[in-house]
Amino acid sequence: MGIRLVLGDITEQRVDAVVNAANSSLLGGGGVDGAIHRRGGPEILAECRALRAGRYGNGLPTGRAVATTAGRLPARWVIHTVGPVHSAGHDRSALLASCYAESLRVADELGARSVAFPAISTGIYGWPMDDGARIALTTVRNTPTDVRDVRFVLFDTRAYAVFAEVLDGLP
Ligand code: AR6
């Protein structure tokens, strides 16, 4: 599997699946989530509402992932996952790792071969970028998957630089 870093906007990626840094309501929010629903249009939200009416009546648990189609985005699917809110007192790293592993598992179920990830939890959920990058890159590198092309889409040059440094240091 190839891992690439891209500076840009996740909603513009021409990949099979883009991953959304959602919240457990699945009903939208700010950041990546807001951008995906804004650019993707109302079909995505309609599918999210159907998931809430069915399988995820209590919301999507933190660390889990579920797919919808991608509306007007260039991607075919959106894989929604819920990152943990960063906490200084509790180590929630396993939940953040689970977001990446579960998203790849869902991508495999869909038959997706290319997936774009944002830096989950590093915005509104407050995760430090360097630790978020380490968890993201090591989890993706170590998760068995049929996905051939994983792209991390970083929104600014600082995030890009942090991911590049961590990727360079991986064994
Ligand atoms: N493309 C790529 N990266 C982006 C984009 C974009 N269009 N927009 C922001 N980022 P965040 P979280 C970066 O806050 O921390 C929402 O309200 C951003 O700079 O989107 O997991 C949800 O509904 C940061 O580095 O996600 C949840 O309530 C990273 O993407 C909550 O925010 C993630 O930032 C989730 O918070």
Side-chain angles (χ1 to χ4, degrees), residues 3-42 44-49 51-52 56 58-68 70-75 77-88 90-104 106-107 114-137 139-140 149-167:
I3 297 179
R4 280 203 293 150
L5 309 183
V6 175
L7 183 63
D9 183 333
I10 195 150
T11 63
E12 293 171 1
Q13 303 303 308
R14 295 191 175 277
V15 285
D16 294 334
V18 296
V19 175
N20 182 17
N23 61 62
S24 53
S25 82
L26 291 176
L27 300 179
V32 169
D33 199 10
I36 283 178
H37 283 288
R38 222 168 21 249
R39 295 273 310 256
I44 302 174
L45 191 58
E47 284 185 54
C48 286
R49 287 193 200 283
L51 286 166
R52 286 300 309 278
Y56 294 110
N58 294 322
L60 182 66
T62 304
R64 301 272 297 278
V66 68
T68 64
R72 296 197 288 263
L73 298 179
W77 297 288
V78 176
I79 298 173
H80 307 264
T81 190
V82 184
V85 176
H86 185 261
S87 156
H90 295 96
D91 182 6
R92 297 188 172 141
S93 307
L95 284 170
L96 184 54
S98 172
C99 288
Y100 291 98
E102 282 290 295
S103 295
L104 289 173
V106 170
S114 53
V115 176
F117 282 100
I120 300 164
S121 287
T122 65
I124 291 162
Y125 282 178
W127 211 285
M129 189 60 73
D130 53 353
D131 198 47
R134 184 184 58 74
I135 292 165
L137 288 162
T139 305
V140 166
D149 165 18
V150 170
R151 195 179 297 185
F152 285 95
V153 183
L154 293 323
F155 209 39
D156 55 51
T157 51
R158 191 186 71 87
Y160 185 95
V162 170
F163 267 73
E165 191 178 340
V166 174
L167 184 58

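Ligands are counted one by one from 1 in listed order, and the atoms in each one are counted from 1 as well.
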> Which residue supplies the protein heavy atom nearest to atom 32 (O) of ligand 1, what is that atom called, and how far is it?
Replying inline: Ile124 CD1, 3.3 Å
> Going by the angle between their ring planes, with limits at 30° and 60°, are Tyr100 and Phe117 parallel, tilted or perpendicular?
Replying inline: tilted
>> Using side-chain heavy atoms (C-beta onward) and a distance below 4.5 Å, is Arg72 in contact with Pro42?
In response: yes
> Side chains of Leu104 and Val150: closer than 4.5 Å at any heavy-atom pair?
Replying inline: yes
> When you measure from atom 36 (O) of ligand 1 to every protein heavy atom, which one gives the shortest distance, and what is it?
Replying inline: Tyr125 CG, 3.4 Å
> Among Leu96, Ile120, Val85, which residue meets the side-chain contact (heavy atoms from CB on, under 4.5 Å) test with Trp127?
Replying inline: Leu96
>> Tell me the contacting part of Ala22 for ligand 1: side chain, backbone, both, or neither, using a 4.0 Å heavy-atom threshold, strictly below.
In response: backbone
> Do ligand 1 and Thr122 have nitrogen or oxygen atoms that lie under 3.5 Å from each other?
Replying inline: yes
>> For ligand 1, which is the ligand I care about here, please tell me if Ile10 has any N or O atom under 3.5 Å from one of the ligand's N or O atoms.
In response: yes
>> At less than 4.0 angstrom from any non-hydrogen atom of Asp33, what atoms of ligand 1 do you find?
In response: 22 (C), 23 (O)
>> For a 4.5 angstrom cut-off between non-hydrogen side-chain atoms, does Arg49 reach Leu45?
In response: yes
>> Which residue is it: Val140, Val19, Val15? I am looking for the one with a side-chain contact (heavy atoms from CB on, under 4.5 Å) to Val115.
In response: Val19
> In the protein, what heavy atom is nearest to atom 17 (O) of ligand 1, and what distance, to one decimal place, separates them?
Replying inline: Gly30 N, 2.7 Å
>> Tell me whether Asp9 has any N or O atom under 3.5 angstrom from an N or O of ligand 1.
In response: yes
>> Using side-chain heavy atoms (C-beta onward) and a distance below 4.5 Å, is Ser114 in contact with Asp16?
In response: yes
> Going by the atom numbers of ligand 1, which of them fall below 4.0 Å from some non-hydrogen atom of Gly31?
Replying inline: 8 (N), 20 (O)
> Considering only heavy atoms from C-beta outward, does the side chain of Val18 approach that of Thr11 to under 4.5 Å?
Replying inline: no
> For ligand 1, which atoms, with element, lie under 4.0 Å from some heavy atom of Gly29?
Replying inline: 17 (O), 23 (O)
>> If I apply the N/O under 3.5 Å rule, does Gly123 come out as touching ligand 1?
In response: yes
>> Between ligand 1 and Gly132, can you find any atom pair, the residue atom being a heavy atom, that is separated by under 4.0 Å?
In response: no
>> Give me the nearest non-hydrogen protein atom to atom 9 (C) of ligand 1 as residue plus atom name, then the distance to 0.1 Å.
In response: Phe155 CD2, 3.6 Å
> Short list, please: which atoms of ligand 1 are under 4.0 Å from a heavy atom of Asn23?
Replying inline: 22 (C), 23 (O), 27 (C), 28 (O)
> Do any nitrogen or oxygen atoms of Pro118 come within less than 3.5 Å of a nitrogen or oxygen of ligand 1?
Replying inline: no
>> Using only atom types and a distance under 3.5 Å, with no angle test, would you say the side chain of Ser98 pairs donor to acceptor with the backbone of Ala94?
In response: no
> For atom 26 (O) of ligand 1, which protein heavy atom lies nearest, and how many Å away is it?
Replying inline: Ala21 CB, 3.6 Å
>> Test your reading of the model: is there a side-chain donor-acceptor pair from Arg39 to the backbone of Leu73, 3.5 Å cut-off?
In response: no
> Of all the non-hydrogen atoms in the protein, which one sits nearest to atom 29 (C) of ligand 1, and at what distance?
Replying inline: Ala119 O, 3.3 Å
>> Could you identify the single nearest non-hydrogen protein atom to atom 20 (O) of ligand 1 and state the distance to 0.1 Å?
In response: Val32 N, 2.8 Å
>> Please list the nearest protein heavy atom to atom 21 (O) of ligand 1 with its residue and the distance rounded to 0.1 Å.
In response: Ser121 N, 2.8 Å
>> Are Tyr125 and Asn23 packed together at the side-chain level, in the sense that at least one heavy-atom pair is separated by less than 4.5 angstrom?
In response: yes
>> With heavy-atom distances below 4.0 Å as the criterion, list the atoms of ligand 1 near Gly8.
In response: 1 (N), 2 (C)
> Between the main-chain N or O of Pro84 and the side-chain N or O of Ser121, is there a donor-acceptor pair closer than 3.5 Å?
Replying inline: yes
> Numbering the atoms of ligand 1 from 1, which are under 4.0 Å from a heavy atom of Met129?
Replying inline: 25 (O)
> What closest approach, in Å, do Phe152 and Pro118 show between heavy atoms, and which atom pair accounts for it?
Replying inline: CD2-O, 4.5 Å
